[in-house]
Amino acid sequence: MIRGGHIDLAILGAMQVSERGDLANWMIPGKRVKGMGGAMDLVAGVRRVVALMEHTASDGGAKLLRECTLPLTGQGVVHRVITELCVVDVTPAGFEVAELAEGVTREMVAERTGAAVRFSEKMKG
């Protein structure tokens with residue numbers, strides 16, 4: 001089903017997403033891993049990818065970045081990112097916030113994102 005291009009949407013977790021839609025979700029260097037699983041097949045075989053993730057790492061560092069620093073699962077594959085702070089679309093111009101969570105400000109999102117963010121004129125919140 002996946003390799004045949006029969007799946008329209010994949011929703012999966014992410015460790016990092018770049019402003020170009022690159023996805024890193026399978027390995028942290030120096031940590032023991034069992035393998036990448038089927039994520040590479042998923043992101044290569046679907047029309048649209050939504051990444052679900054926390055906006056920042058446990059050390060407070062950004063996970064939405066200009067460029068991923070972890071090994072990539074796919075290049076230019078992510079279309080939308082949903083975090084506890086906001087909904088972000090990956091556009092040709094970079095990250096565009098489509099919606100803010102209740103109580104979250106534009107400033108909070110901008111300071112916790114490791115790349116430039118734009119805010120949609122149609123944005124809710």
So how far is it from [X] [atom1] to [Y] [atom2], rounded to the nearest 0.5 Å?
X	Y	atom1	atom2	result
E19	E96	CD	CD	13.5 Å
R80	L9	CZ	CG	10.5 Å
T105	E111	OG1	CD	7.0 Å
R112	E107	CZ	CD	11.0 Å
L23	S18	CG	OG	9.0 Å

So do the side chains of [X] and [Y] get within less than 4.5 Å of each other, counting heavy atoms only?
X	Y	value
D8	V46	no
I82	V88	no
F95	V17	yes

Is there a donor-acceptor contact under 3.5 Å from the side chain of [X] to the main chain of [Y]?
X	Y	value
Q16	T69	yes
D22	G76	yes
T73	N25	yes
H55	M53	no

For [X] against [Y], the heavy-atom pair lying closest together:
X	Y	value
T83	V81	CG2-CG1, 3.9 Å
A14	K63	O-NZ, 3.9 Å
V109	L100	CG2-CD2, 3.6 Å
D89	A98	OD2-CB, 3.7 Å
A51	V78	CB-CG1, 4.2 Å

| field | Neighbour count >12 (heavy atoms, 6.0 Å) for atom CD, E67 | value | no
| Any chance CZ of R66 has more than 12 other-residue heavy atoms, nucleotides or ligands included, within less than 6.0 Å? | no
Is there a path of hydrophobic side-chain contacts, each under 4.5 Å between heavy atoms of I/L/V/M/F/W/Y residues, joining [Y] to [X]?
X	Y	value
L85	L52	no
I7	V49	yes
L64	V50	no

| message | For R118 and T91, which I'm curious about, is there any donor-acceptor pair between the side chains at under 3.5 Å? | response | yes
| request: Would you mind telling me which of V117, V97, T113 makes a side chain to side chain contact (heavy atoms under 4.5 Å, CB included) with C86? | output: V97
